[in-house]
Student: 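Structure provided below as structure tokens; questions to follow.
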Amino acid sequence: MARRRQIYEGKAKILFEGPEPGTVVQYFKDDATAFNNQKKGTITGKGVINNRISEYLMIKLGAIGVPTHFVRRLNMREQLVREVEIIPVEVVVRNVVAGSMAKRFGMEEGTELPRSIVEFCYKSDDLDDPLITEEHITAFGWATPQELDEIVATTLRINDFLCGLFLGVGLKLIDFKLEYGRLWENEQLRIVLADEISPDSCRLWDVKTNEKLDKDRFRRDLGGVEEAYQEVARRLGILPESGPRDMPGPDTMQ
Ligand code: UDP
């Protein structure tokens, strides 16, 4: 097959033109970055695992009626998704204080929040993804008030669903980041969940020990990074016994 045209290369993924108009192939890399690109590294097998975890979670969310960009997984590192116009806003949900929130308010990591909090950041590496409010989003035209209402309502549903799903496998969903896009469907512009959901974009702590099983192991040099990603996949029941093999060829592992 001829090599597809590359549309975009991000920090953890590459996007290629899809086989039909309106589709895109998401290729998951092993590259990891943190602190706005200041820390760079590789997490062996991460791309394979995140491709699987994100597939699994997008399918589950689709099954409860959340519209997503996901079409199907193509192979170990690639999935076919619908082409969307990405809304340049990172939607962060927090259930427990961690990361930048702990720093911002001088709060201790691990403090339970009285209720889930939704935050927004403007997607801009140059500006270091600044925290913004709904006012900026609507005033600058990044989303209409109606779109934003839908994004918040969908995000809270996703949070409830994922909290339960992860709790079922002994993991606490501390916080996570979502991205949304818009696409035309039946003459209507629709908002759909896009990007990925994986241990790159979620904080996941073991329920009993509070052990971190996410990208914080990389960010904070805690060791056992590969093992943490594998453990999340294993608990979700989606890691093959032989581990995250990365074999070329038509080994699609359905
Ligand atoms: N997050 C992400 N991409 C970003 C920023 C944050 O996926 O560019 C995720 C991060 O993994 C965490 C949540 O969003 O699960 C909240 O991150 P936070 O604001 O605490 O920033 P961080 O400490 O990751 O810099």
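None of the values given here were measured: they were computed from a predicted structure. Counting begins at 1 with the first residue of the sequence. Counting starts at 1 for both ligands and their atoms, following the listed order.
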Student: Does this structure show an ion pair linking Glu231 with Arg217, if we count only N-O contacts that are shorter than 4.0 Å?
Tutor: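 So Glu231 does not pair with Arg217 through a salt bridge.
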Student: Testing Lys13, Arg73, Arg4 one by one against Glu78 for a salt bridge (Lys or Arg N to Asp or Glu O under 4.0 Å), which residue passes?
Tutor: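 Of all the options given, the one that passes is Arg4.
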Student: Donor-acceptor pair, distance only, cut-off 3.5 Å: does the side chain of His69 make one with the backbone of Asp195?
Tutor: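 Between the backbone of Asp195 and the side chain of His69 there is a qualifying donor-acceptor contact (under 3.5 Å).
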Student: Looking at Val25 and Glu17, what are the two nearest heavy atoms and their distance?
Tutor: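 In terms of heavy atoms, the two residues are closest at CG2-O, 4.2 Å.
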Student: Among Ile, Leu, Val, Met, Phe, Trp and Tyr joined by side-chain contacts under 4.5 Å, find the other residues sharing a cluster with Met107 and list them by chain and number.
Tutor: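 Once heavy-atom contacts under 4.5 Å are chained together, Met107 belongs with Val97, Met101, Phe105, Leu113, Ile117.
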Student: Anything with a heavy atom under 4.0 Å from ligand 1 counts, so go ahead and list those protein residues by chain and number.
Tutor: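 Lining ligand 1: Glu90, Val92, Arg94, Ala98, Gly99, Ser100, Asp129, Asp175, Phe176, Lys177, Asp200, Ser201, Cys202, Arg203, Arg219.
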Student: Could you label the plane-to-plane angle of the Phe16 and Tyr27 rings as parallel, tilted or perpendicular, counting under 30° as parallel and over 60° as perpendicular?
Tutor: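 Perpendicular.
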